[in-house]
Amino acid sequence: MTSDNTPVLTIRDYSLAYRVPAGKIEVLKGIDLTVHRGEIVGLVGESGSGKSSLASAIMRYLPGNAEENAGEIRLGETDLRAQSQRAMADIRGRRISMVFQDPATSLNPTLRLGEQLAEVLIRHQGLSKDQAWREGEARLAHVGLKTPAEMMRRFPHEVSGGEKQRVVITTAFACNPELIIFDEPTTALDVITARQILDLFGALQAETGVASLYISHDLALLSQTARRVAVLEKGTIVEEGETAALFRAPAHPYTRALIDAVPHPEKPLVEAPVGTTAPPLVRIRDVSVHYGRKGLLDTLLRRDFQRVAGNRSITLDIQPGEVLGIVGESGSGKSTLAKAMTGLNAFEGLIEFDGRPLRGLSDMNRSYRRDVQIIFQHPDASLNPRQKISEILARPIKLYGNKDAGTTRDRIVAMLERVRLPASTIDRYPHQLSGGEKQRIAIARAFLSNPRLVICDEITSALDVSVQASVIELLMELHRETGATYVFITHDINLVRQIAHRIAVMYRGDLIEVAPASAIADPDRKPYTRELLAAVTPPASTQRAQPTLS
Amino acid sequence: MSASYILKRIALIFYTLVVVSLLVFAITQILPADAAVMMLGENATADALEALRQQMGLNDPIWLQYLHWAGGVLQGDFGTSLRTGQPVGPALFSALGTSLTLAAFALVFMLLLAIPMGIIAAVRRGKFADLSVSFISYIGVSLPEFVTATLAVVLVADWWKLLPPAGYVPLTQDFWGGLERLILPVIVVSVMMIAHVSRMVRSELVDVMHTDYIRAARLKGLTPRRVLFRHGLRNALLPTITIVALDVGYLLGGVIVVEEIFSIPGIGRSLMSAIQARDLPVIQAGVMIMATTYAVVNFIADVTYAWLDKRIQYD
Amino acid sequence: MTDFLRRLFRTPQGLLGCLIVGLILLAVVAGSWVTPYGPNDMQALARYKAPSAAHWLGTDQYGRDILSRLLDGARSTVVMAVLATFIGTLGGAILGTGSAYLGGRADEFIMRTVDAVMAIPSLLLALLVVSLLGSNSANALLAIAIAFVPSMARISRSVALTVRKQDYVSAAVARGEGAAYIVLREMLPNVIAPIVVEMTIRVSFAVMLFATLSFLGLGAQPPASDWGLMVSEARQFLHRSYWILLWPSAAIALTAIGFNLLGDGLRDALNPRT
């Protein structure tokens with residue numbers, strides 16, 4: 001076993017590359033990392049930084065085209081690289097275990113939760129089926145599941161995301177491993193659930209003293225959970241240190257950029273709210289959206305049919321020139337509202353735009369379509385893969401006419417410049433661009449029609465922190481230049497507090513309340529809003545020590 | 001799985017049969033054949049023909065003829081054969097028994113071969129075993145039944161004299177003799193399905209083995225055997241149920257050719273001779289019986305699937 | 001385009017499929033010019049000949065040169081199969097995408113009916129159509145096209161529905177594009193690729209179905225050099241020469257394999273993930 005001064009996990013000068021037809025891709029270069037007993041080490045990096053490859057390397061679960069150098073990976077005294085796959089199978093789940101990002105995909109959909117938990121106990125602790133099942137029930141009770149016996153018999157699709165992740169965590173802790181690797185365990189969860197899972201993790205960690213390697217892209221979250229943090233950029237650990245010290249005085253420019261990119265509600269990026277004397281640009285009155293259609297069989301059997309409500313009687317005003325944030329967890333109906341406003345969903349009720357009433361899709365004429373633009377979450381999906389950028393960006397110009405001077409191509413090039421993309425982008429296909437570049441194209445497409453209202457539906461969620469920051473910066477710049485009104489839909493509360501004048505909170509199809517961004521954290525907010533805000537990891541601890549000037 | 005799902009699926013069977021019956025009736029109505037002429041011969045007098053037409057209801061409006069016929073079918077009366085003058089139902093149902101014996105043997109034979117082939121190919125992906133299965137599959141899906149049948153008869157029956165070239169003996173009469181005569185037809189009719197299903201099993205299993213939950217199972221330290229059989233196979237074979245059921249349509253088509261070549265008195269052969277003789281009631285009944293078989297098999301497959309895969313609640 | 005071909009040739013299926021299909025198309029186009037004999041030239045003194053320098057693939061029961069007949073038959077068999085598949089695919093694609101576009105009850109009605117028609121085995125459906133229209137090649141073509149419509153409609157619909165849900169289509173709807181632009185410019189280019197893959201694989205089915213119809217006496221009629229008919233006729237003369245049977249069978253199998261391989265190669269080449 002591990003003596004007290006031997007680290008649980010030791011990685012020395014480890015490099016990894018993948019062989020591909022075009023040559024070799026280096027994913028990890030000279031990694032040095034240790035994790036001691038009772039310690040939580042955070043590993044932060046953006047997509048493509050190699051953080052998941054490192055987890056795979058530790059688990060000895062690498063694809064066939066992996067090529068490693070002579071570096072060292074040790075678990076206690078055990079040289080993991082010297083282990084056969086059979087020996088590793090004995091170590092996995094017993095001495096090292098792993099918690100994955102999305103509990104919805106990491107649990108087998110056709111096996112009962114109990115079996116997926118008990119099988120680890122049977123495999124590694126030699127328990128009989130009955131013993132393992134009883135032990136499983138006891139463990140589930142321990143992680144705060146109220147009806148453990150019932151939970152054991154359920155299938156993954158019958159329980160909530162948070163419950164699933166509790167089962168996954170219980171499985172990881174089941175054999176009292178020496179090391180647990182957490183691979184973004186809360187990223188796929190809603191804010192409040194994520195907070196509960198984090199609290200559970202903290203409690204179990206303190207109780208068992210297990211060494212943890214916590215992989216995340218979320219700096220704010222790591223600043224709260226990890227004692228030490230290693231920053232991974234393009235396969236290299238550029239900086240490592242005690243969390244507090246690292247955030248206070250980051251040495252490496254990349255770390256600094258990452259910390260600066262984290263949204264801070266205390267540093268608003270918009271100017272003071274506009275006066276409310278002007279009449280609202282949009283009035284939403286009792287707008288409801290329902291999904292589902294009564295089936296023929298239901299009609300025949302005279303059965304009651306319950307339609308699923310996406311929005312329930314939403315009433316909301318949007319002031320000209322303001323940035324209205326809409327927050328809520330998945331399924332709260334925030335995207336549904338955006339779709340209703342852009343004519344992608346049928347709705348009931350009344351939307352008034354600039355004094356003109358709209359009662360249905362047929363009332364949305366060309367000038368409304370021009371005035372109201374929507375930008376989607378996934379730029380991969382919102383740009384047609386078989387059209388060149390020139391064709392994608394020419395559409396709004398062709399559709400809404402050319403008020404400005406210049407040819408279509410000139411206008412496109414000018415717009416590309418405004419979203420800070422080189423003019424050569426015009427002849428490319430979407431798949432030749434990066435995620436951030438694609439989102440800039442989507443933004444350009446929206447602004448080419450000189451819109452008065454731009455609806456941004458989670459447009460930064462699929463992007464890395466640093467890319468997100470630059471896209472937000474661009475959006476705010478366009479806001480100042482054009483004076484367009486924004487509806488900014490997001491689940492990132494820190495971000496929305498930074499960029500919105502007012503924030504609307506939604507929950508399961510209902511609008512809970514609308515409050516000024518500056519007053520969203522007030523104690524007299526509605527209970528759900530308070531719960532939501534309490535669940536958010538405060539970014540305050542990531543605040544760099546600012547030289548006090550004023 | 002809810003009762004309403006089963007109810008809905010049963011309603012679909014009836015809808016299928018209504019559509020098929022309308023289609024078949026329409027096709028047989030346009031067929032250039034005069035039932036009265038067929039029964040009485042070319043030399044019958046105009047009066048006699050007219051009288052028979054009157055008696056058979058051939059002068060009624062088409063929709064009335066359809067209702068008459070459909071009403072009969074619902075009571076199990078498929079009319080009388082124009083060629084033999086015998087009732088269509090009993091003869092066809094005994095032929096159906098023969099065809100179903102052939103089809104059932106073929107299905108079992110196919111599954112016994114195709115599933116292991118698919119699993120081995122998926123597990124040994126890119127290795128020799130996988131390439132061999134791939135190679136066999138490509139050949140298999142590219143040989144129409146009449147070619148395989150002809151080659152099989154030439155090789156096995158004519159040259160090597162291992163098995164009888166054709167003919168059929170009911171298993172109840174002479175089990176071993178009947179079985180011996182079934183071997184070649186069963187192999188021939190399964191070749192295409194073996195190729196198709198083994199490829200499906202392979203690709204499903206390859207997909208499943210790349211999922212997050214399989215990675216999670218491996219990283220829990222489970223034995224490769226448990227990961228494959230308990231976690232992988234179950235999920236990979238579920239969709240195969242539906243694919244096999246859809247292939248039954250293809251199997252029934254193959255049965256027509258194989259029965260023709262091996263002189264097996266099944267429903268396919270009855271249909272072929274009825275089509276050649278334009279024996280309308282037999283064609284109508286034969287197509288209805290085939291469609292019903294297909295619809296029922298798919299119903300069973302869908303319900304089984306829904307029962308095994310708890311996620312499917314309704315369509 | 002060159003990029004696409006490189007991707008296609010990268011997989012063994014794509015390379016081999018292109019090669020075989022290319023050879024077959026060459027035979028279709030140039031076959032009648034290079035044949036050493038006329039497809040129906042009978043030589044009474046050279047019947048049932050095994051392959052030789054004079055007759056590369058031997059001769060049949062009437063002393064006709066098998067190679068010449070195969071090359072001649074390639075035109076009818078392959079061209080007919082491709083045409084039938086194309087017509088069937090077009091019909092199915094229009095029905096399937098139309099159904100997906102309409103949505104709601106119309107969609108449900110159309111697809112349930114298509115499912116119902118699929119309960120009739122496609123060979124049987126083709127047999128019925130041929131017996132309705134009369135036995136000849138043109139009617140066999142139509143019969144196969146009709147038999148392909150239901151399954152192609154199913155596939156097209158599911159592809160169209162997937163594309164319909166994409167955000168770029170939503171974006172087009174939201175900015176007020178007309179239905180024609182959305183269907184033709186946004187959806188069609190993305191729907192076509194998977195349908196072309198499916199169509200290529202279908203050609204091999206059509207070749208086999210065609211041959212089967214001819215074999216059963218319901219497709220091409222003697223003395224046509226249709227491959228299925230050649231197999232059917234050869235069966236009676238097996239005891240004299242098995243070459244008569246072997247070559248057309250091999251030709252059918254090779255064509256089917258070629259289109260199958262090409263289809264799989266195209267699928268891989270068109271898949272952006274690989």
Side-chain angles (χ1 to χ4, degrees), chain B residues 12-13 15-20 22-24 26-28 30-33 131 134 137-139 141-148 150-151 153-154 158-159 192 199 246 248-257 260-261 268 271-272 274-276 278 283 286-288 290-295 298, chain C residues 12-13 16 109 112-135 147 151 154 201 204-205 207-212 214-218 227-228 231-232 234-235 238-239 242 245-246 248-250 252-261 264:
Chain B
L12 269 180
I13 294 187
Y15 181 68
T16 300
L17 295 183
V18 169
V19 171
V20 170
L22 280 169
L23 198 68
V24 167
I27 288 178
T28 46
I30 313 170
L31 268 183
L131 297 179
S134 256
S137 299
Y138 273 116
I139 304 277
V141 289
S142 305
L143 288 172
E145 283 82 5
F146 74 94
V147 171
T148 358
T150 314
L151 294 178
V153 169
V154 170
D158 284 4
W159 289 9
M192 182 88 67
R199 285 179 77 177
L246 289 172
V248 164
Y250 192 84
L251 176 68
L252 293 173
V255 161
I256 299 177
V257 180
E260 187 72 11
I261 292 174
L271 256 169
M272 268 313 291
I275 286 174
Q276 271 148 5
R278 301 190 177 268
I283 299 179
V287 176
M288 285 305 292
M290 282 219 167
T292 313
T293 312
Y294 175 88
N298 274 279
Chain C
Q13 289 100 321
L16 210 58
F109 172 74
R112 294 304 182 200
T113 309
V114 162
D115 280 349
V117 176
M118 279 172 84
I120 307 177
S122 45
L123 176 63
L124 184 54
L125 190 56
L127 283 175
L128 286 175
V129 174
V130 172
S131 68
L132 170 67
L133 300 172
S135 311
S151 51
R154 262 236 149 269
I201 294 174
S204 70
F205 277 98
V207 168
M208 292 190 278
L209 210 50
F210 226 124
T212 305
S214 297
F215 176 83
L216 293 174
L218 290 164
W227 296 346
V231 176
S232 173
R235 290 207 320 147
L238 262 181
H239 50 283
Y242 52 84
L245 178 79
L246 199 64
S249 303
I252 294 169
L254 190 72
T255 312
I257 290 177
F259 279 99
N260 261 319
L261 286 169
D264 285 352

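Chain letters run A, B, ... following the sequence lines, proteins first and then strands; every chain starts at 1.
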Heavy-atom pair with the smallest gap, counting every atom of B/Val154 and C/Leu245: CG2-CD2, 4.1 Å
- prompt: With a 4.5 Å limit on heavy-atom distance, are the side chains of B/Ile261 and C/Phe215 in contact?
  reply: yes
- prompt: Do B/Thr16 and C/Asp115 have side chains that get closer than 4.5 Å, going by heavy atoms?
  reply: no
statement: Applying a strict 4.5 Å limit to non-hydrogen atoms, the region of C/Phe259 in contact with chain B is neither
message: How close do C/Met208 and B/Val141 get, counting heavy atoms only, and between which atoms?
response: CE-O, 3.0 Å
task: Identify the two heavy atoms, one from C/Gly228 and one from B/Phe146, that lie closest to each other, and give their separation to 0.1 Å.
output: CA-CZ, 4.1 Å
- prompt: Does any donor atom in the side chain of C/Ser122 or B/Tyr250 lie under 3.5 Å from an acceptor atom in the other side chain?
  reply: no
- prompt: Considering only heavy atoms from C-beta outward, does the side chain of B/Arg199 approach that of C/Asp264 to under 4.5 Å?
  reply: yes
- prompt: Is it the backbone or the side chain of C/Thr113 that comes under 4.5 Å from a heavy atom of chain B, or both, or neither?
  reply: both
Proximity breakdown for B/Ile256 and chain C, heavy-atom pairs closer than 4.5 Å: side chain
message: With a 4.5 Å cut-off on side-chain heavy atoms, are B/Thr150 and C/Ser249 touching?
response: no
message: If I measure from the heavy atoms of chain C, does B/Ile139 come under 4.5 Å with its side chain, its backbone, both, or neither?
response: both
message: So for C/Leu218, is it side chain, backbone, both, or neither that comes closer than 4.5 Å to the heavy atoms of chain B?
response: side chain
- request: Quick one: do B/Val19 and C/Arg112 satisfy side chain to side chain contact (heavy atoms under 4.5 Å, CB included)? Show the steps, please.
  value: CA-CA 10 Å; B/Val19 171; C/Arg112 294 304 182 200; over 6 Å; no
message: At a 4.5 Å cut-off on heavy atoms, which part of B/Met192 comes close to chain C: side chain, backbone, both, or neither?
response: side chain
- prompt: Which pair of heavy atoms, one from C/Pro121 and one from B/Gly253, lies closest together, and at what distance?
  reply: CB-N, 3.8 Å
field: B/Gln276 portion near chain C, given a 4.5 angstrom heavy-atom threshold
entry: side chain
message: Quick check for you: among B/Leu252, B/Leu151, B/Val20, which has the greatest number of heavy-atom pairs under 4.5 Å with chain C?
response: B/Val20
Proximal component of C/Leu216, with respect to chain B [non-hydrogen, under 4.5 Å]: both
